[in-house]
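What follows is a short report on a single structure.
Residue numbering restarts at 1 for every chain, and letters A, B, ... go by the order of the sequence lines. All of these numbers come straight from a predicted model, not from anything done at the bench. Atom set for the values below is all heavy atoms of this structure, side chains included, hydrogens, waters and symmetry mates excluded.
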Number of protein chains: 2
Amino acid sequence: MEKKVMSMGTVRELTGLTARQIRYYEQRQLIFPLRTPGGMRRYSFSDVERIKTIHQKLQDGFQTVELRKMGQL
Amino acid sequence: MEKKVMSMGTVRELTGLTARQIRYYEQRQLIFPLRTPGGMRRYSFSDVERIKTIHQKLQDGFQTVELRKMGQL
DNA sequence: CGTGTAAGGAATTCTGACACG
DNA sequence: CGTGTAAGGAATTCTGACACG
């Protein structure tokens with residue numbers, strides 16, 4: 001499940017989040033999608049799970065900086 | 001591995017085949033990718049394996065019609 | 001039969017910015 | 001801080017067709 005194979009659209013479907021949210025988590029150094037030669041992001045199933053957890057934590061009141069420090073998620 | 005999550009580009013990478021070949025196998029009823037509302041194809045890891053097998057069989061001299069009859073691959 | 005390619009269009013994604021609170 | 005949105009461009013994919021052998 002580590003293979004980075006899905007594009008933004010699929011991740012949006014699987015997580016229920018918006019592209020904006022997903023990209024923001026990356027900007028905050030919480031996820032690290034791969035890039036195709038053309039610049040497109042590629043995510044793994046693990047990334048999807050991580051994104052869900054991140055969003056959940058944010059709902060619980062945490063901030064992205066804290067989540068980054070926590071490391072695991 | 002049944003989830004249809006990857007687009008053509010990823011499948012091309014994982015199989016080493018061209019989009020033309022992959023679409024042809026679909027036209028021959030050997031694989032059945034999902035379609036996004038916008039008409040884009042989505043494949044699963046199982047599809048990728050199946051595509052590899054199909055190509056191998058073709059190399060072995062089989063024809064798509066025969067492969068379809070065989071069913072399993 | 002299985003695959004290559006040029007052609008034109010449509011869907012998808014990307015970045016940087018302005019906005020809100 | 002986390003997210004929405006309009007803007008313009010670039011990458012990706014789609015289909016139908018002509019070609020070859």
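The side chain of Tyr25(A) places no N or O atom within less than 4.0 Å of a non-bridging phosphate oxygen (OP1 or OP2) of dG2(D). At the phosphate of dT13(C), OP1 or OP2 sits under 4.0 Å from a side-chain N or O atom of Arg12(A). The shortest distance between the side-chain N/O atoms of Thr18(B) and the OP1/OP2 oxygens of dG4(C) is below 4.0 Å. In this model, the phosphate group of dT15(C) is approached by a side-chain N or O of Arg35(A) to a distance below 4.0 Å at OP1 or OP2. Between Arg23(A) and the phosphate of dC14(C), there is a side-chain N or O to OP1/OP2 separation shorter than 4.0 Å. Taking only side-chain nitrogens and oxygens, Ser7(A) never comes nearer than 4.0 Å to OP1 or OP2 of dT12(C).
Closest to the side chain of Met40(A), from the set dG2(C), dT12(D), dT3(D), is dT12(D). Considering only the side chain of Met8(B), dT13(D) comes nearest among dT3(C), dT13(D), dT13(C). For Arg28(A), taking side-chain heavy atoms from C-beta onward, the closest of the listed nucleotides dG2(D), dA17(C), dT15(D) is dG2(D). Considering only the side chain of Tyr24(A), dT3(D) comes nearest among dT13(C), dT3(D), dT3(C).
If you check dT3(D) for Watson-Crick or wobble pairing at under 3.5 angstrom, you find it paired to dA19(C). The base-pairing partner of dT12(C), taking Watson-Crick or G-U wobble contacts with both distances under 3.5 Å, is dA10(D).
The distance between atom CD of Glu26(A) and atom P of dG16(C), rounded to the nearest whole Å, is 12 Å. Between the P atom of dG2(D) and the CD1 atom of Ile54(A) lies a distance of 11 Å, rounded to the nearest Å. Look at CZ on Arg20(B): it is 13 Å from P on dA6(C), rounded to the nearest Å. Atom-to-atom, CE of Met6(A) to P of dT12(D) comes out at 18 Å; the value is rounded to the nearest Å. Asp60(B) places its CG atom 14 Å from the P atom of dG2(C), with the value rounded to the nearest Å. One can place CG of Leu67(B) at 8 Å from P of dG2(C), the figure rounded to the nearest angstrom. Remark: P of dG2(C) and CD of Gln56(B) are 15 Å apart, rounded to the nearest angstrom. Distance CG (Leu58(A)) to P (dG2(D)): 6 Å, rounded to an integer number of Å.
No side-chain donor-acceptor contact under 3.5 Å links Ser44(B) and Glu2(B).
Side-chain contact check for Met1(A) versus Glu49(A): every heavy-atom pair is 4.5 Å or farther apart. Side-chain contact between Phe45(B) and Lys3(A) is present, with heavy atoms from C-beta onward closer than 4.5 Å. By the 4.5 Å heavy-atom criterion applied to side chains, Met6(B) and Arg42(A) are not counted as neighbours.
Every pair passing salt bridge (charged side-chain N to carboxylate O under 4.0 Å, His left out) that includes a residue from residues 29-38 of chain A is listed here, sequence neighbours excluded: Glu26(A)-Arg35(A).
If you find the closest nucleotide of DNA chain D to Tyr43(B) and to Gln21(A), the one lying nearer the 5' end belongs to Gln21(A). Mapped onto DNA chain D by nearest heavy atom, Pro37(A) and Thr64(A) fall at different nucleotides, with Thr64(A) at the one closer to the 5' end.
Residue contacts shown for Arg41(B) are limited to sugar-phosphate atoms, with no base heavy atom under 4.0 Å away.
Using a 4.0 Å cut-off between charged side-chain N and carboxylate O, Lys69(B) and Glu66(B) make no salt bridge.
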